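First up is the structure itself, then whatever we jot down about it.
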Number of protein chains: 2
Amino acid sequence: MSKTFHNYPVEQSMKLAVDAVVFGYTKETGLSVLLIKRKIAPFAHQWAIPGGFVHNNESLEDGVVRELQEETGLTVNYLEQLYTFGNPDRDPRYRVVSVAYYALVKPDSFVTSAGSDAEDVSWFAVNQLPSLAFDHVDIINSAIQRLRGKITYEPIGFELLDAKFPFSDLEHLYVNLLGREIDRRNFKRKIKQLDLLIELDETAPMSSAGRPGKLYSFNKEKYFSLKNRGFLFDMSF
Amino acid sequence: MSKTFHNYPVEQSMKLAVDAVVFGYTKETGLSVLLIKRKIAPFAHQWAIPGGFVHNNESLEDGVVRELQEETGLTVNYLEQLYTFGNPDRDPRYRVVSVAYYALVKPDSFVTSAGSDAEDVSWFAVNQLPSLAFDHVDIINSAIQRLRGKITYEPIGFELLDAKFPFSDLEHLYVNLLGREIDRRNFKRKIKQLDLLIELDETAPMSSAGRPGKLYSFNKEKYFSLKNRGFLFDMSF
DNA sequence: GCAAAAGTGTTGTAACTACACCCATGT
DNA sequence: ACATGGGTGTAGTTACAACACTTTTGC
């Protein structure tokens, strides 16, 4: 009876969306996410993470990239699938299953412009989030957890920093993400022995006071060649 | 122009499926996956991982559990979302986006029965897979990678062993999954200091020859209480 | 000269690696 | 008695954690 019903189910009626948790980082604000203010119902005039329905002939990644471009004008430099949220009632209209991604952007890409589907676009520190549409709090929290975990075994933190950065920026990033103090000397020793940094002949431009630090850049080529050889990174502290 | 099109896209036409890579393990066969032989087109009479379309009012997890039950008669004791595969052309009929899960079953649950949607159900060692329908090879390979990674920081290997097992079974499991030899004494020391095993007053039933080993069981309660306190497990070798 | 941030070494401790022999059982 | 697999300890080495003072710059 119910067996027959299962084998010949009614036509599926649900929609597939992609959403993106876009992370940015500055020393001043700490880890932040990019939110848009929705123009249309449901949850009109509420903050939400950027996203939208997948088109019929685009891949999921292409859909995320397109939606980000449309809603925020942003181009990201790191994008990874996070989790698929599919509770039947997560959208009040009808069933929407959402494939969530998370993305990392460098501080110099922070300039955004509200697109046609968004009333406003803005960055929010992750510990000062406004109330959010749908289950987007859950999505953001999953993304934060994932990011926290991932930076301990993959050097993706660099994707949140400028191309040239002082060592202290990296340290502050880790302190902020891990939520506890790190000994500067131990941190520097461990990062240096990964041998993924290029020491530049420049010093950081001054921001207030203190001794300027040497600038470094991330050796992406070396990282990928090590990674492809199956090298394991340990960036836990 | 193209903007207008993007804002009012044609109705979405795709279907959402769930698929499961079910892992089992025995000392004899090593890590194995459960496959079904498809009854219907496309890829009729070819091997595939169990799965099917999500019903309108069930969660994704419920869908996986239902499909596994229907197609293989199996109940799993560990289930985790793996990745969502959404390439537009991964199904020759029309677009099907699949949320893939992976599951672990204990050896005593190996008995399966081909359900109504499957011609046959069988276990295959992961290094002797037959040719597979759709992109199921990719899904299985992702699942293997995930499992390999995960057993180094979460004690999920126990989900592949019987409730009572000799120490050597656990060791062989790790050797098989990691693909290299492990020093027995170092392994035992490290596992024992995690303090997640209960040493039983029984010895293993004899299978061929050799000294029978003491039996252990996994302390699931302790594991969850440690995990909830944020305790980190290190099971790398 | 003082405040603010960057730079730098050492020492004790804990964890990891490498390694070989004896024991209990079945045949 | 022999073959098979289970059980156990140590020593050298390496990585980790904890710790404070000096240097360079802006104001």
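Keep in mind that what you see is a predicted model, and the values were worked out from it rather than measured. In what follows, chains carry the letters A, B, and so on, assigned in the order in which the sequence lines appear, proteins first and then strands, with residues in each chain numbered from 1.
- You'll find that the side chain of A/R189 is closest to D/dA17, out of D/dG9, C/dG7, D/dA17.
- Rounding to whole angstrom units, CG of residue A/L194 and P of D/dC16 are separated by 10 Å.
- In this structure, A/Y174 and A/F237 have perpendicular ring planes: the angle between them is above 60°, well past the 30° mark.
- Nearest to the side-chain atoms of B/K188 among the listed nucleotides D/dT8, C/dA6, C/dA4 stands D/dT8.
- Residue-environment remark: CD (A/Q193) exceeds the threshold of 12 foreign heavy atoms within 6.0 Å.
- Set against D/dT4, C/dA18, D/dT25, the side chain of A/P212 has D/dT25 as its closest nucleotide.
- Look at NE2 on A/H172: it is 14 Å from P on C/dA4, rounded to the nearest Å.
- Note on ring orientation: taking the six-membered ring where Trp is involved, the planes of A/F134 and A/H136 are tilted (angle from 30° to 60°).
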Salt bridge (Lys or Arg N to Asp or Glu O under 4.0 Å) assessment of A/K220 paired with A/E159: CA-CA 10 Å; A/K220 218 167 196 173; A/E159 304 295 342; 3.5 Å; yes

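- Distance from the side chain of A/N186 is smallest to D/dA17 among D/dT8, D/dA17, C/dC16.
- Between A/F187 atom CZ and D/dA17 atom P the separation is 13 Å, expressed in whole Å.
- Between C/dA6 and A/K214, no contact under 4.0 Å exists linking OP1 or OP2 to a side-chain N or O.
- Here C/dA4 presents its C1' atom at 11 Å from NZ of A/K27, a figure rounded to the nearest Å.
- Applying the 3.5 Å distance criterion, the base of D/dT8 shares no donor-acceptor pair with the side chain of B/R211.
- Remark: P of C/dA15 and NZ of B/K190 are 10 Å apart, rounded to the nearest angstrom.
- Atom CG of A/D234 is separated from atom P of D/dA15 by 11 Å (rounded to the nearest Å).
- If you measure from atom CG of A/L215 to atom C1' of C/dA6, you get 12 Å, rounded to the nearest angstrom.
- Atom-to-atom, CG of A/L170 to P of C/dA5 comes out at 18 Å; the value is rounded to the nearest Å.
- Note on B/S168: every side-chain N or O is 4.0 Å or more away from OP1 and OP2 of D/dG5.
- We find that B/K214 and B/D201 are not joined by a salt bridge, their nearest charged nitrogen and carboxylate oxygen being 4.0 Å or further apart.
- Of the two residues near DNA chain C, A/Y216 and B/D183, the one whose nearest nucleotide lies more 5' is A/Y216.
- In terms of polar N and O atoms assigned as donor or acceptor, the side chain of B/R185 comes within less than 3.5 Å of the base of C/dA20 in a complementary pairing.
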